[in-house]
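Here's the structure we're looking at; comments come further down.
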Amino acid sequence: MTFLTRSDILLAVQDLSVHFRSEDQVARAVEGVSFDVQRQETVCLVGESGCGKTVSALTILGLIPQPPGEIAGGRILFDGRNLLDCREDEMQKIRGNRIAMVFQEPLTSLNPVFTIGDQIAEALETHADLTSAQRVERCVQLLDDVGIPSPRERLADYPHQLSGGQRQRVMIAMALACHPELVIADEPTTALDVTVQAQILRLFRALQQSHAMAVLYITHDLGVVSVIADRVYVMYAGIIVEQGLRAHIFDAARHPYTQDLLEALPTRSKRGRRLYSIPGAVPNPAAKPPGCPFHPRCRYAIPTCGQQPPGMCDYGDGHRARCPVLFDGGPSHWGQETLTGKV
Amino acid sequence: MDNQRNRNSVILRVEGLKKYFPIHRGFFQRIAGWVKAVEDVSFEIERGRTLGLVGESGCGKTTVGRLILKLLTPDAGRIIYQGQDITDLSSREMKPIRKEIQIIFQDPYGSLNPRLTVGQTLGEGLQVAGIRSGAPRRERLEKLLQMVGMPPAVVDRYPHEFSGGQRQRIGIARALSVEPSLIICDEPISALDVSIQAQIINLLKDLQDQLGLSYLFISHDLNVVGYLCDHLCVMYKGHIMEYAPTDELFANPAHPYTLALLAAIPDPETPKDPPLTAENQRGTVAEPPAGCSYLAQCPFGEPACREAARTFTKVGPNHFIRCWKVTPSRGADYFSGPGPAA
């Protein structure tokens, strides 16, 4: 794992497994997931509901309730330090300060009984040594950064007085308050209209460049991925099935699931043609099929797919897919971790 | 199901549909204003075709669907179904027509009664169709389930036993149980996972081909309506802003709002960075400004737009926009020009 010493890797999640226990079953929500985020880069985790993308993000921030959650293995290295070994008081110094989070539903994530000024200032009170006048100025600056008109007047507003897009801008302002190095955004535009979504995506891009921060963007929407991602990790049923640059995923997808997802998207250019529809449904995390979790729905599946977990196949330039069947070398790569070693 | 596939006849026409909702304020709930949900909406749906109604939340597209179903009473305008004006029909007179126009809802979790089995849910429709019991009922149930791709064994199961996609199939079977001709699809796939959406879209297309159904497809997603619909109405704050055949709308969009929508929609087939520009703020739905309702957002707006009548301009064959400024030639200029995002 020598590459970890490279200083441009800000966050490295290694072989992370998170399970949820109920009385009679164990849901393996995340199983052996590895990904990394470099400084000032936008990385998308994309997958359908229940694929483990949100659980992965919450684990980074130490927000998985234990029990029922259980971190069954792995490391989360943030700036070289394993967050899973940090005590709660150490995590509190990181959370909201060096790593911030933007949630999906801005109305439920904002406290309705405090003004937005109070809520943005909260992170500053905790993490920054500022006088109250300095805090107000910083809040005004932050609201201005995220494009809220007449920010000084807005500080005294309550969340219900803002539109959905403005609430999400306030959420982003809160996340930016302490100049985080990493912002984790969990479906931040899913509840918004498309034109507002476009504004928020543009805002993310602009802020990322002006604030020099990395963004881990979690979404189910391949359209959003196509405009915002530098690199993409595609998740399915708790594992990463494909990873690569945006162009790798959209122009040269190698995993059958990624290919199928792109073929299943209704777009105007497919008009008149029948959409490819992936048969079946996403498996229950407590009862995943053995071997490759996608094999019951996969059109290329061979008997081995149901018996052994597939190894990661390397297509070069950071493009990897967990499907030996479609790899040039063919099924001989079963079970082995890649030609270049374990990711 | 012996529908004539006369593809050119109009199955539904609405003319000048209008619906305002009162805003109540204070202790006595006096009316403090109106939400102009739908204003002067007119369109036609051809038999066996799909009309897309596309717009953002609050633009009135769902209200239009409810007005057509007569779940709401319009304040003005006519609804003409197969040549018959159904606007003022009593509920008794509506009864035979209710079988003809059905709806599929967005939320497959909220739209099925959790206490009824699949058989009971579908059976309600069959009862209306006069099939009450015995072998004919069982055969019809099996046929319905087979049409939507579900095994017959599910009749005795309850909605909570099914996934979102399966529930949506049950919702479609329920709509089909009374043998309708027109189905209003109100965002039927937006609550579903990507891999399930394609299954439901293919199912809706297959059913249209088999049964000659007509659809009014309500959606916020231009990618989906661009794939599925024959004609499109773009709605904004209760008005239809642009109407055109789908290919024409995407090839020559003319209304500034349509341009903004098209620019906003991420297209996974051409990945690109979003432009780093500022943008207009959105107004609220209640009390849009005088004149054109898009004026507050419009990058091409000018004072005269406050006075200009809100009428349609023809910019191409069967292509209309509610904007007085854009002539056919200037419409092309707008599109090749800097566009609304600049």
Side-chain angles (χ1 to χ4, degrees), chain A residues 46-51 147-149 163-166 191-199 201-206 209 220-229 236 246-247 249-251 257 260-282 297, chain B residues 54-59 162-166 189 192-203 205-206 220-230 246-247 249-250 257 260-284 297 340-341:
Chain A
V46 60
E48 298 179 276
S49 48
C51 74
I148 292 206
S163 70
Q166 284 182 325
L192 304 176
D193 276 327
V194 279
T195 51
V196 183
Q197 166 174 293
Q199 294 168 10
L201 293 180
R202 266 179 238 150
L203 179 67
F204 261 107
R205 262 285 182 216
Q209 291 177 6
H220 70 281
D221 187 338
L222 283 165
V224 169
V225 176
S226 76
V227 299
I228 198 164
Y236 183 80
R246 178 170 66 180
I249 301 299
F250 287 94
D251 302 335
Y257 176 64
D260 288 358
L261 268 190
L262 290 168
E263 267 190 67
L265 278 186
T267 58
R268 207 175 58 84
S269 65
K270 296 190 190 124
R271 226 170 119 68
R273 277 195 281 144
R274 199 177 163 76
L275 291 178
Y276 178 71
S277 81
I278 306 176
V282 178
R297 308 175 74 190
Chain B
V54 62
E56 297 181 277
S57 53
C59 75
F162 298 101
S163 69
Q166 289 172 318
I189 61 162
L192 303 177
D193 265 325
V194 190
S195 71
I196 309 300
Q197 287 187 355
Q199 294 176 3
I200 299 298
I201 289 176
N202 282 339
L203 174 64
K205 282 203 92 116
D206 291 346
H220 68 281
D221 187 337
L222 267 173
N223 280 327
V224 174
V225 295
Y227 171 77
L228 202 61
C229 300
D230 300 299
T246 304
D247 291 329
L249 188 106
F250 279 89
Y257 177 61
L261 264 189
L262 287 171
I265 286 173
D267 177 6
E269 284 169 1
T270 53
K272 58 171 183 292
D273 289 343
L276 303 173
T277 50
E279 57 281 307
N280 300 319
Q281 292 296 316
R282 278 158 56 85
T284 52
Q297 328 287 321

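In what follows, every chain begins at residue 1, and chains take the letters A, B, ... in the order their sequences are listed. All values below come from the heavy atoms of this structure, side chains included, with hydrogens, waters and symmetry mates left out.
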Given B/Asp247, B/Asp221, B/Leu228, the one with more heavy-atom pairs under 4.5 angstrom with chain A than any other is B/Asp247
Contact part of A/Tyr276 toward chain B, heavy-atom cut-off under 4.5 Å: side chain, backbone, both or neither?
backbone
Does A/Arg297 come within less than 4.0 Å of A/Asp260, counting only side-chain N to carboxylate O?
no
Whether A/Arg268 side chain and B/Asn223 backbone form a donor-acceptor pair below 3.5 Å:
no
Pair count under 4.5 Å, heavy atoms only, with chain B: among A/Ala281, A/Ser269, A/Gly50, highest is A/Ser269
Using heavy-atom distances under 4.5 Å, tell me whether B/Asp206 contacts chain A through its side chain, its backbone, both, or neither.
side chain
Hey, is the main chain of A/Glu48 close enough, under 3.5 Å, to the side chain of B/Asp193 for a donor-acceptor pair?
no
Is the NZ or CZ atom of B/Lys205 both under 6.0 Å from the centre of the six-membered ring of B/Tyr227 and within 45° of that ring's axis?
yes
